[in-house]
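Read the numbers this way: they start at 1 and go in the same order the structure lists the ligands and their atoms. Predicted, not measured: the structure shown is a model, and the values here were computed from it.
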Amino acid sequence: MKIKKRKLFRTIVVLGGLFFAVVPIFAVHFGLNGNAQNRGDELVQSIAATMVKRADANVSRAMQILSEFALLGVASCDPLDLAAMRRAVSAQFVVREIGIVDRNQKMVCNQYGEGETFEYLAAGIANAEDKSNLQLVRRSGSRENQIMISWPLASGNRLVAFLPGEALADDVIPERMRGKGVALVTMSDGTMLYMAPSQRTARAVLPFDRRTFSVTVTSPKYPYRVAVLAPFDVVWDDFSGLYRNLMIGAAALFVVLVGFVISFLRRKRGRANEIEEGIENGEFIPYYQPTLNIETGELAGCEVLIRWQKPDGQVLSPGSFIGLAEATGLAIPMTRALMEKVAEEMSDLHEKRPALKIGINLFDDHFENLDIVEDIKSIFGGTHIKLDQLIFEVTERQPLTDIERARVVMKTMREFGCRVALDDAGTGHGGLAYLQQLGFDIIKIDKLFVDAIGTDSLSAPIVDSLISLAEGLELEVVAEGVEDPRQVQYLREKGVKLAQGFLFAKPLPYEKYKRLIEKMMPVSQNPEERRRASLNAQFRADAAA
Ligand code: C2E
Ligand code: CA
Ligand code: CA
């Protein structure tokens with residue numbers, strides 16, 4: 001159980017630390033890359049879409065010119081028709097040339113009356129709807145491919161218009177992509193119409209050394225498509241500064257958290273191991289703080305207070321280690337070791353002194369199951385200490401995790417004759433609810449409230465109400481942290497019988513407590529001498545104040 005709990009705690013801290021160390025790095029990397037990727041995809045998509053739209057509009061414009069000519073009967077190489085063609089060409093920038101092609105695919109004339117032959121690069125793609133025909137051609141004496149749009153005439157000849165690639169889709173590539181990205185216009189059969197920038201510069205740009213954005217958009221109206229490719233840098237330039245700064249931050253966080261995890265493991269390991277070894281080496285020892293009957297001055301017993309006696313002789317108070325023992329699941333083995341020591345040291349002293357009690361502090365963990373009851377039986381069972389001489393203290397300072405289980409554990413302890421005390425009563429979490437639900441025999445009024453006695457006003461309302469509460473529930477009362485004779489006076493008047501505090505004694509190591517017991521409670525003497533011994537003790541205690 002303790003090992004499991006400790007491991008779980010450590011695992012949570014380590015995994016949590018590593019998680020938060022690594023996540024920002026991945027978040028920055030994938031987050032910014034994803035963002036750049038999206039932006040790049042959008043960029044090429046919008047360029048390609050705009051190019052297609054522009055090309056479609058230009059082709060439509062050319063078609064319109066041809067259909068109007070067919071309607072108006074501009075269908076020959078006559079000077080009048082040529083003049084009409086020249087007018088149409090100079091009226092816009094897309095169509096550079098208009099002319100007539102005969103049945104043998106020979107160009108009879110253009111708007112200047114010049115004939116020419118040209119090479120068909122691909123089969124024409126007819127548009128059944130408007131009888132037009134769109135074809136990729138290469139003009140003689142030119143390296144440039146052009147689109148030739150033709151319109152059938154009644155004579156069997158065709159009216160044609162030529163559109164150079166660059167006129168189809170120029171100026172669409174944004175400034176930031178110049179010298180970096182490439183746009184290609186290809187006919188639907190794969191033959192290339194146009195490439196921007198020129199093939200030569202494109203070759204210098206391609207292949208891109210990193211990831212590439214690419215998209216192909218097919219014209220919804222005409223048989224060509226536009227592909228746009230761009231290197232990652234096109235957009236990454238916008239992100240690289242931010243990326244570097246965030247990465248530095250994430251890396252710094254990584255270093256800090258990993259450092260934290262390592263030092264946590266070292267320290268935690270170190271301290272926890274130290275406690276574990278301390279338990280094995282018997283370094284945790286009991287000190288005994290006497291409890292006195294302030295009516296009779298007799299010794300009533302003690303509270304066991306743990307101390308860590310280091311190999312170097314140093315004695316540590318519980319405040320410096322019980323928190324860690326609890327957090328690392330070592331509280332239970334530590335208490336077990338302590339009880340074994342108490343059993344060993346106190347057994348003979350308690351044989352003939354049945355009135356002497358021993359108070360032992362328990363942790364929240366002890367109330368998880370009945371193991372503590374087994375421990376008590378096995379540790380004290382074979383000694384002269386009777387189970388009804390034992391009192392187990394449960395602090396009110398920290399809440400119990402599971403009240404119902406605690407109730408069962410306490411009930412079982414009481415069935416075996418042990419008694420249960422509510423420690424630090426008045427400080428906090430349980431209060432009246434604890435008293436009602438858990439079944440205590442004793443309440444120990446915390447020093448905080450006892451301190452209120454003996455100050456200017458000789459009244460201590462909380463002490464008073466705790467005392468009357470205890471009376472009502474028929475509980476024994478112990479006043480803790482008594483340092484002043486006036487407090488004893490007050491408590492006596494209120495009917496409190498038991499008290500503990502520096503006024504009487506500090507927590508004592510075994511030898512000293514043993515001597516105190518033997519002095520205050522001699523066994524072999526007659527009752528009269530015993531009474532005198534306790535009066536002596538009381539006198540000394542009062543005098544010490
Ligand atoms: P606690 O159970 O309330 O014990 C009383 C504490 O008050 C002890 O401190 C004791 O030395 C101190 N004390 C007693 N009389 C006076 C007084 O007149 N004046 C002043 N100023 N202090 C007084 P200690 O030994 O340092 O223990 C502190 C706490 O550590 C204990 O408070 C208890 O909660 C815990 N503790 C000690 N030993 C054990 C143990 O074996 N098991 C568990 N679970 N807790 C322990
Ligand atoms: Ca206590
Ligand atoms: Ca206490």
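The atoms of ligand 1 that sit less than 4.0 Å from any heavy atom of Gln289 are 14 (C), 15 (N). Contact atoms of ligand 1 toward Asp424: 3 (O) (distance under 4.0 Å to a heavy atom of the residue). Within ligand 1, counting atoms from 1 as listed, the ones closer than 4.0 Å to a heavy atom of Glu480 are 3 (O).
Closer than 4.0 Å to atom 6 (C) of ligand 1 lies none of the heavy atoms of the protein. In this structure, atom 32 (O) of ligand 1 has no protein heavy-atom contact shorter than 4.0 Å. In this structure, atom 19 (N) of ligand 1 has a protein heavy-atom contact shorter than 4.0 Å. Remark: atom 9 (O) of ligand 1 lies closer than 4.0 Å to no protein heavy atom.
Within 6.0 Å of the CZ atom in Phe20, the count of heavy atoms belonging to other residues, nucleotides or ligands does not exceed 12.
Within the 4.0 Å heavy-atom criterion, neither part of Gln500 lies near ligand 1. Under 4.0 Å from ligand 1, the heavy atoms of Glu303 that appear belong solely to its side chain. If you look at Leu362 next to ligand 1, the close heavy atoms, those under 4.0 Å, all belong to the backbone.
For Phe321 and Phe284, the ring centers are positioned less than 6.0 Å apart.
In this structure, Ile517 CD1 and Arg353 CZ are separated by 6.0 Å, a value rounded to the nearest 0.5 Å.
Side-chain atoms of Thr401 and Asp364 form a donor-acceptor pair, as typed in the model, at a separation below 3.5 Å. Side-chain N/O atoms of Tyr490 and Asp464 include a donor and acceptor closer than 3.5 Å. A donor-acceptor pair shorter than 3.5 Å can be found between the side chains of Gln289 and Gln500. In the model, Gln487 has no side-chain atom that pairs as donor or acceptor with a side-chain atom of Glu483 under 3.5 Å.
Under the 4.5 Å side-chain criterion, counting only non-hydrogen atoms from C-beta, Asp402 is not in contact with Phe367.
Ranking protein heavy atoms by distance to atom 46 (C) of ligand 1, first place goes to Asn361 CB, 3.8 Å.
Between Ser317, Ser320, Gly323, Pro318, it is Pro318 that holds the heavy atom closest to atom 29 (C) of ligand 1.
Below the 3.0 Å limit, the Ca ion (ligand 2) has as protein N, O or S neighbours Glu303 OE2, Asn361 OD1, Glu393 OE1, Asp423 OD2.
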